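If you're wondering where the values come from, they're calculated on a predicted model, not measured in any experiment. Reminder, nothing fancy here: chain letters follow the sequence lines and each chain counts from 1.
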Amino acid sequence: MPRALHRWNLDIAAARAVQSRLADRVETQDRLGPVHTVAGVDCGFEHNGTVTRAAIIVKSWPGLETVGSALARVPTTFPYVPGYLSFREMPAILAAFETLDTLPDLLLCDGQGIAHPRRLGIACHLGLWLDRPAIGVGKSRLVGEFDEPGPAKGDRSALRHNGANIGTVLRTRDNVRPLFVSPGHRVSTETATQWVLDCATRYRLPEPVHAADRLASSRGHRKPG
DNA sequence: GCGACAG
DNA sequence: ATCTTGTCGC
């Protein structure tokens, strides 16, 4: 991974051009190997947002036991602009991945996959960069229209945008706000949806992402009660 | 011009 | 994302 050869603090116009170019390389068909490890990826911020904190939690599959983790803190160089999240969080995320000796078999990223204006959400960007199967798990919608899914765990509806199916609005627990699942790379919408549901055991967020969320967030450090 | 807008 | 305790409901 030619990390040193890349600059991430581009202007919006340049970032947009990069997204459009990379979007063509995203694979929406299943191309996964045996999945023995599933990782959750998320970011948090410290010091008034000047530092980005990326967290990765690697879980075994099946079993969902934590078998690895990584944490990296990097100076924040890109502002939060809807549609350009990867340029803000990728530097820290890649720094965290570099401390892992083995890449996970499947990545669950907090954020969208192809459910993005130019079909290049952070899950796509990360999946392409690491050449790993990746799934986007958003807590809210960026783009797309959908019908409210039923109230029970497993209920779902299609997320569409510009006449295309870009993901699934999935209920991962009874009576909780649904998640927005979309392919990141090398995973189909159907498979992505199934993996998120299979990893959703006790929280709204799938286990790996929930764990990464806690590690990335400053509140995850508070003492248990 | 106006509203929407991942984390 | 982050600042933040208790409280209401399934």
Quick one: sort the A:F78 and A:Y84 rings into parallel, tilted or perpendicular, breaks at 30° and 60°. tilted

Salt bridge between A:R171 and A:E148, side-chain N to carboxylate O under 4.0 Å? yes

To the nearest angstrom, the CG-C1' distance between A:L126 and B:dA6 comes to 15 Å

Counting side-chain heavy atoms from CB outward, which of B:dA4, C:dC10, B:dG7 is closest to A:N175? C:dC10

Using a heavy-atom cut-off of under 4.0 Å over every strand shown, decide if A:Y84 touches base, sugar-phosphate, or nothing. base

Quick check, does A:F180 stack with B:dA6? I mean ring centres under 5.5 Å and planes off by under 30°. no

Atom-to-atom span, NE2 of A:H125 to P of B:dG7 - whole angstrom: 18 Å

For a quick check of understanding: with a heavy-atom distance under 4.0 Å over all strands, which category does A:G136 fall into, base, sugar-phosphate or nothing? nothing

Salt bridge A:R186-A:D30, side-chain N to carboxylate O under 4.0 Å: no

Please check if the side chain of A:R88 supplies one atom and the backbone of A:T77 the other of a donor-acceptor pair under 3.5 Å. no

Counting the atoms with a prime plus P, OP1 and OP2 as sugar-phosphate, which does A:G121 contact under 4.0 Å by heavy atoms, base, sugar-phosphate, or nothing? base

Between C1' on B:dA4 and NE2 on A:H161, what's the gap in Å once rounded to a whole number? 12 Å

Could you check how far CZ of A:R73 sits from C1' of C:dA1, rounded to whole Å? 15 Å

Considering only B:dC5, B:dA6, C:dT2, which nucleotide approaches the side chain of A:R141 most closely? B:dC5

Quick check for you: among B:dC5, C:dT2, B:dG7, whose closest atom lies nearest to any side-chain atom of A:P82? B:dC5

In whole Å, what is the span from the CZ atom of A:F45 to the P atom of C:dT2? 8 Å

Over how many whole Å does the gap from A:L179 atom CG to B:dG7 atom C1' extend? 14 Å

With a 4.0 Å cutoff (strictly under), does any side-chain N or O of A:K139 reach OP1 or OP2 of B:dA6? no

Reckon A:D110 touches a base, only the sugar-phosphate, or nothing at all at heavy-atom distances under 4.0 Å? sugar-phosphate

Spacing of A:D42 atom CG relative to B:dG7 atom P, expressed in whole Å: 9 Å

Taking only N and O in the side chain of A:S140, is any of them less than 4.0 Å away from OP1 or OP2 of B:dG7? yes

From CD1 of A:I93 over to C1' of B:dG7, roughly how many Å is that when rounded to an integer? 10 Å

Closer than 4.0 angstrom, basic N to acidic O: yes or no for A:R73 and A:E46? yes

A:N48 near the nucleic acid: base, sugar-phosphate alone, or nothing, with a heavy-atom cut-off under 4.0 Å? nothing

